[in-house]
Amino acid sequence: MAARTALLVLVLAAALAGCGSSSESTSDPGSKNYDPAHTTLKDAGLEVCSEGQHDIGAQLTQLPGVAATRTFDVAKSCNGATRTPNEMTIYQFTNQDDFTSGARKIKAALPSSAVYEQYPVVITSSGPNAQANLEAVKEQLPSASS
């Protein structure tokens, strides 16, 4: 159980931190352009239309213990669009105490977003397909109990 939880933590952390963004992201883990976040979204049936820091307030990106934040505009098909009404944001925390309080603050600041939390990351999904998109992403992540 502890080994599985450790694996989950590593995969989730890699999904966020994983190599920054690249327009040449690939799902090949051996590639220098491998990006676990893009791969997870793709495996969930979502296309990344753009990535950035837009629409994230400083009160969330500057929470104590937040190591990195990534935001993705997503859609089943971008059709050339770079902005979509559906957005996924991943917050990576450096320690459990800040994670616990940070997750509460994120939920309070984003009451209409679907939220998934598993240390060290909090994933938020907003937009008309928020819950469905978050569920699709969660299905791609290793289970804490598996």
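Just so it is clear, the values below take in all heavy atoms, side chains as well, and ignore hydrogens, waters and symmetry mates.
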Return yes if a side-chain donor-acceptor contact under 3.5 Å exists between Thr124 and Ser113, otherwise no.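 Absent: no donor and acceptor within the cut-off.
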Return yes if a side-chain donor-acceptor contact under 3.5 Å exists between Ser77 and Asn79, otherwise no.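 On atom types as modelled, these side chains qualify, holding a pair under 3.5 Å.
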Gln96: side chain to side chain donor-acceptor pair (under 3.5 Å) partners, not counting sequence neighbours: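 Side chain to side chain donor-acceptor pair (under 3.5 Å) check on Gln96 returns Thr100.
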Not counting sequence neighbours, which residues clear side chain to side chain donor-acceptor pair (under 3.5 Å) with Glu117? List them please.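 Lys107.
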Residues two or more places apart in sequence or in another chain: which of them pass side chain to side chain contact (heavy atoms under 4.5 Å, CB included) with Gln140?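 Checked Gln140 against side chain to side chain contact (heavy atoms under 4.5 Å, CB included); matches are Thr40, Asp43, Ala44.
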Can you name the side chain to side chain contact (heavy atoms under 4.5 Å, CB included) partners of Ala130, sequence neighbours left out?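 Ala130: side chain to side chain contact (heavy atoms under 4.5 Å, CB included) contacts with Ala114, Ser125.
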Side chain to side chain contact (heavy atoms under 4.5 Å, CB included) evaluation trace for Thr71 with Glu51: CA-CA 6 Å; Thr71 297; Glu51 178 180 351; over 6 Å; no
Taking all atoms of both residues into account, what is the closest heavy-atom pair of [X] and [Y], and its distance?
X	Y	result
Pro111	Ala108	CD-O, 3.5 Å
Phe72	Ala37	CZ-CB, 3.8 Å
Val122	Ala103	CG2-CB, 3.9 Å

Salt bridge (Lys or Arg N to Asp or Glu O under 4.0 Å) partners of Lys138, counting only residues at least two apart: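 Salt bridge (Lys or Arg N to Asp or Glu O under 4.0 Å) check on Lys138 returns Glu135.
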List the steps, then state whether salt bridge (Lys or Arg N to Asp or Glu O under 4.0 Å) holds for Asp35 with Arg70. CA-CA 12 Å; Asp35 186 334; Arg70 292 175 78 182; 2.7 Å; yes
Closer than 3.5 angstrom, by distance alone: can the side chain of Asp73 be matched with the main-chain N or O of Glu87 as a donor-acceptor pair?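 It does not hold such a pair.
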State the OH-CD distance between Tyr119 and Gln92, to the nearest 0.5 angstrom.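 Atom-to-atom, Tyr119:OH and Gln92:CD are 8.5 Å apart.
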Euclidean distance, Leu141 CG relative to Gln118 CD, rounded to 0.5 Å: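 So the CD of Gln118 and the CG of Leu141 are separated by 9.0 Å.
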What residue pairs, at least two apart or across chains, pass disulfide (SG to SG under 2.5 Å) with a residue in residues 65-141?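 Sorted result for residues 65-141: Cys49-Cys78.
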Within the structure provided, determine whether Met88 and Leu134 are in side-chain contact (heavy-atom separation under 4.5 Å).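 Yes; the side chains approach each other to less than 4.5 Å.
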Going by heavy atoms in the side chains, are Phe93 and Val121 under 4.5 Å from each other?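 No, too far: nothing below the 4.5 Å cut-off.
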Asp98/Lys105 salt bridge by N-O under 4.0 Å criterion: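 A salt bridge is absent here (no side-chain N lies under 4.0 Å from a carboxylate O).
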Applying side-chain contact (heavy atoms from CB on, under 4.5 Å) between Ile123 and each of Ile90, Asn133, Ile106, Val115, report the one that passes.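 Only match with Ile123 under side-chain contact (heavy atoms from CB on, under 4.5 Å): Ile90.
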